[in-house]
Each structure stands twice: as structure tokens, then as C-alpha cells.
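Comments concern the structure below.
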There are 2 protein chains.
Amino acid sequence: MPAPLISRDEVVERLLTVFQRLGYDGASLAELSRGTGLGKSSLYHYFPNGKEEMALAVLRRAHAWIEQVVVAELEGQGSPKERLERMLRALDSFYAGGKNACVLGNLVVGGARQLYQRQLRSAFSTWVEGLESLALDAGISRRTARERAEDVVLQVQGALVLSGGLDDPTPFRRMLRKVPKEFLAPE
Amino acid sequence: MPAPLISRDEVVERLLTVFQRLGYDGASLAELSRGTGLGKSSLYHYFPNGKEEMALAVLRRAHAWIEQVVVAELEGQGSPKERLERMLRALDSFYAGGKNACVLGNLVVGGARQLYQRQLRSAFSTWVEGLESLALDAGISRRTARERAEDVVLQVQGALVLSGGLDDPTPFRRMLRKVPKEFLAPE
DNA sequence: TGCAAAGTAAACTGATCGGTACAACAAGCC
DNA sequence: GGCTTGTTGTACCGATCAGTTTACTTTGCA
């Protein structure tokens with residue numbers, strides 16, 4: 001039966017939630033089919049190269065989201081503090097207050113790592129560089145800026161792992177409050 | 001053929017490296033067999049409940065390692081600073097300077113998460129509580145101690161994810177230098 | 001020397017894996 | 001109404017999945 005039902009973007013979005021929840025190896029075609037509401041033939045219609053292409057589309061989507069939401073907030077209007085806090089609010093909503101995992105973090109595991117190392121590095125780099133620019137805007141020195149930018153991404157990822165491991169979103173929420181203080185502190 | 005060849009502990013140790021590398025879903029019996037050098041029948045001799053029991057044994061081993069190495073270093077001789085740095089050196093060696101992943105972090109992903117939530121929480125808690133005790137020893141106030149303890153674990157996990165994603169151990173190494181300063185800073 | 005137990009290899013099971021073939025279907029255009 | 005194009009369900013493929021069975025070999029012990 002025809003009539004798109006849902007757009008390709010919507011399909012990728014739903015695929016993302018499955019990979020986010022189960023990682024690459026854990027996301028079977030059956031789960032990807034359930035998660036999208038599409039049969040396997042439809043998935044292969046959108047992604048002729050199968051699961052590998054689905055994960056690639058998801059990584060491209062994640063990268064685009066980092067550019068168009070995360071970095072965009074960092075480059076938006078207002079003081080560095082306001083911009084950083086807008087980014088953190090976007091993360092808070094995307095990660096559901098620490099209850100969701102990070103699709104990038106989950107794709108660093110297992111078979112996906114070698115397969116997507118380039119894309120993963122690129123996505124993390126974009127994120128770090130956006131934060132680095134913000135730090136420079138805030139008057140932080142060049143080398144400190146890079147370190148603080150990496151620290152933010154590092155702490156977001158660590159908070160998601162720890163909150164996942166403890167099954168308690170508290171560390172994630174505390175991290176959200178702590179990051180702005182450290183990031184913008186005088187050197 | 002009989003004659004243990006390798007001890008059960010040695011088997012668990014080798015299983016750990018496979019789960020550490022591939023996660024739960026990515027660690028097939030074929031890989032677990034290759035990684036241990038044992039045939040499937042031998043693995044099922046040691047672990048009648050199969051992969052689920054293997055991962056459980058690995059988590060027990062990881063928990064024991066946290067108690068007997070990580071926490072033991074924290075409770076050992078010397079100043080809080082020295083003890084913390086001994087723990088970090090143990091982590092540095094275990095994670096191969098940031099090139100290895102954390103088996104706990106990798107088992108938070110996918111099918112393993114629900115299966116082992118209790119064990120994961122317990123392992124992370126033991127680690128955090130060991131650090132909290134050290135902070136109290138160092139004269140840090142009760143509530144700050146808990147936060148700083150969580151921060152250390154959070155930063156170790158985050159550094160491993162970021163170093164994995166960037167395929168560059170630099171963030172992990174920088175984290176090792178940064179943690180002692182923050183952890184023992186005056187309040 | 002004999003024998004139970006520990007350990008192992010190889011061949012096997014049914015289920016699920018990722019992936020394919022194909023026919024049926026609806027919408028847009030003529 | 002035909003025709004093309006895009007989309008879908010169903011049935012299927014070989015490979016691999018986790019797990020089992022069986023028969024064998026070696027060891028420790030009596």
C-alpha cells in the first residue's frame with residue numbers, strides 16, 4: 001500500500017529512539033520495524049543497504065541535530081551564560097532529564113564503533129567546537145576554552161552513563177546545574 | 001579432555017574483556033568462545049545458564065575488582081591525595097590509558113540494562129561510596145563529599161565515552177590529572 | 001586397576017538474525 | 001480507463017544466534 005504515511009525524517013527519528021535505547025547490536029530488524037511501525041520491506045525501501053544504512057542515517061540526523069539545535073543555541077542571542085543554559089535545556093529535554101541514553105554514546109559500543117568511528121568523531125568534534133567558540137566569546141583563553149568545551153561534553157556523557165547505571169537521574173540533573181558555573185568561571 | 005587448562009577466574013577475566021569490547025548484545029557465543037579459547041560446551045560446563053550467567057559472573061568480577069582494588073586503594077595508606085592518585089593509576093592501567101572501554105558502562109546499553117540493573121547500581125554505588133569516604137577523610141563536608149564522589153565516577157565514565165568517540169585518549173588522560181585537583185579542593 | 005567425575009569436541013536443535021523476491025496495492029498523470 | 005511510480009505485506013533465504021546432546025578423554029582417587 002502506498003501513501004507515505006510518515007515522512008522519511010519521521011522514520012529516521014523513530015529509528016534513532018530504537019538505537020538510543022538498544023545500541024547497534026541490540027537493535028534487531030524486528031525491533032526497528034516495531035519501533036517505526038514499518039514492515040521490513042518498507043525499511044529496505046528507504047534504506048536499501050539495511051541496518052548499516054539506517055544507523056548511518058541516524059548518525060547523520062544526530063549530527064544535524066547537534067549543528068541545528070545544540071550549536072545553534074550556542075551561537076544564538078544573549079550572553080554566553082544564557083546561550084549555554086539554552087543548550088543545556090535542549091539537552092535536558094532530549095535526554096528526558098537523564099532517563100534517556102545518548103545515541104552517540106551507545107553507538108561507541110560494540111560492532112558499531114569501527115563501522116562509524118569517523119561519524120562519531122565528527123559529531124563529537126562539532127559539539128566540542130561549538131562549545132569552544134562560546135568559551136572564546138566569553139573571554140576564555142584559547143587553550144582553556146578547548147579543555148572546558150571537552151569537559152562539558154565529557155560530563156554530559158558521564159552523567160548519562162552514571163544516571164543509567166544508578167537508575168537515578170539525579171547525577172544528570174546536578175550536572176546540568178554545575179556545568180555553567182565551571183564553564184564560565186574566571187580562569 | 002580434562003585438566004582445567006585455565007582456572008575459572010581466568011575464564012571470567014577473559015569473558016570480561018569480550019563484554020568490555022563488544023557489550024552484551026554484541027558478545028556472541030562464538031566471540032566468547034574465541035576470546036576464552038574454550039569451546040561452547042566448556043563454557044556451558046562452567047556457566048550452565050549460558051551467556052546470561054557469563055555476564056553475571058563478569059559483573060561480580062567487576063564488582064569484586066572495585067572492592068578489592070579501587071576501594072582498597074582509597075582506604076589504603078597515605079594521605080587522601082596519595083590514595084586518590086593510586087586509585088587513578090589503577091584505573092589508568094585497567095582502561096589502558098583511555099583506549100579500553102568500561103565494562104560497566106557498556107553493560108548499561110541494550111538488553112543487558114534491565115537484566116543487570118541491580119548489579120550495575122550496586123557496582124557504581126560501591127565505587128561512589130568508597131570515594132565519599134575518602135572525601136570525608138579529607139575533611140570535606142558530608143553533602144559535598146557525596147557530590148564530589150559522584151563527580152569522579154561521572155568524569156571517568158564520560159572521559160571513556162568521549163575518548164572512545166573521538167578515538168583519542170587525550171580527554172581521558174587530562175581527566176586523570178584534573179580529578180585530584182577538583183576532588184580535594186577546599187570548599 | 002578400576003571407576004567416578006571433570007572437562008572437552010563435534011554435531012546438532014529450533015529460533016532469530018539480516019536481507020531478498022515478489023506480488024498487491026493506491027495515488028498521480030494521461 | 002490504463003500506466004507509471006512509490007509503498008507495502010507476505011513469504012522466503014542462508015547464516016548465525018543461543019543452547020543441547022552425546023560420546024569421548026583424561027584425571028584423581030580408591
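No hydrogens, no waters, no symmetry mates; every other heavy atom, side chains included, goes into these values. Keep in mind that what you see is a predicted model, and the values were worked out from it rather than measured. To find a chain, count down the sequence lines: A is the first, B the second, and so on, and within it residues start at 1.
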Quick test of your reading: applying salt bridge (charged side-chain N to carboxylate O under 4.0 Å, His left out), list the pairs with at least one residue in residues 53-69 of chain A, sequence neighbours left out, ordered by first then second residue.
E13(A)-R61(A)
What pairs of residues pass the salt bridge (charged side-chain N to carboxylate O under 4.0 Å, His left out) test when at least one of them lies in residues 20-33 of chain B, not counting sequence neighbours?
E31(B)-R34(B)
Excluding sequence neighbours, so at least two apart, what forms ring-ring contact (aromatic ring centres under 6.0 Å, His included) with Y116(B)?
Y24(B)
Just how far, in rounded Å, is P of dG18(C) from CZ of F47(A)?
15 Å
Whole angstroms only, please: what is the CD-P distance between E31(A) and dC17(C)?
8 Å
Give the rounded distance in Å between these two atoms: CG of L38(B) and C1' of dG7(C).
9 Å
Protein and nucleotides 12-18 of chain D: nitrogen or oxygen contacts under 3.5 angstrom:
{"from": "dC17(D)", "atom 1": "OP1", "to": "S28(B)", "atom 2": "OG", "distance (Å)": "3.4"}
{"from": "dA18(D)", "atom 1": "OP1", "to": "L29(B)", "atom 2": "N", "distance (Å)": "3.4"}
{"from": "dA18(D)", "atom 1": "OP1", "to": "K51(B)", "atom 2": "NZ", "distance (Å)": "3.0"}
{"from": "dA18(D)", "atom 1": "OP2", "to": "L29(B)", "atom 2": "N", "distance (Å)": "2.6"}

Contacts of Y95(A) that satisfy ring-ring contact (aromatic ring centres under 6.0 Å, His included) - sequence neighbours left out:
none
Round to a whole Å and report the spacing from CD1 of I6(B) to C1' of dG7(C).
12 Å
Output yes when E147(A) and K178(B) qualify as a salt bridge under the 4.0 Å nitrogen-oxygen rule, no when they do not.
no
Find the distance N49(A):CG to dT20(C):C1' and express it as a whole number of Å.
13 Å
Find the distance R8(A):CZ to dG6(D):P and express it as a whole number of Å.
14 Å
Between dA21(C) atom C1' and H45(A) atom NE2, what is the distance in whole Å?
16 Å
Return all side-chain donor-acceptor pairs below 3.5 angstrom for residues 105-114 of chain B, not counting sequence neighbours, or 'none' if the list is empty.
{"from": "N106(B)", "atom 1": "ND2", "to": "Q20(B)", "atom 2": "O", "distance (Å)": "2.6"}

Taking atom P of dA10(C) as reference, at what distance in whole Å does atom CG of L43(B) sit?
15 Å
Does a side-chain N or O from S42(A) land closer than 4.0 Å to OP1 or OP2 of dT8(D), or not?
yes
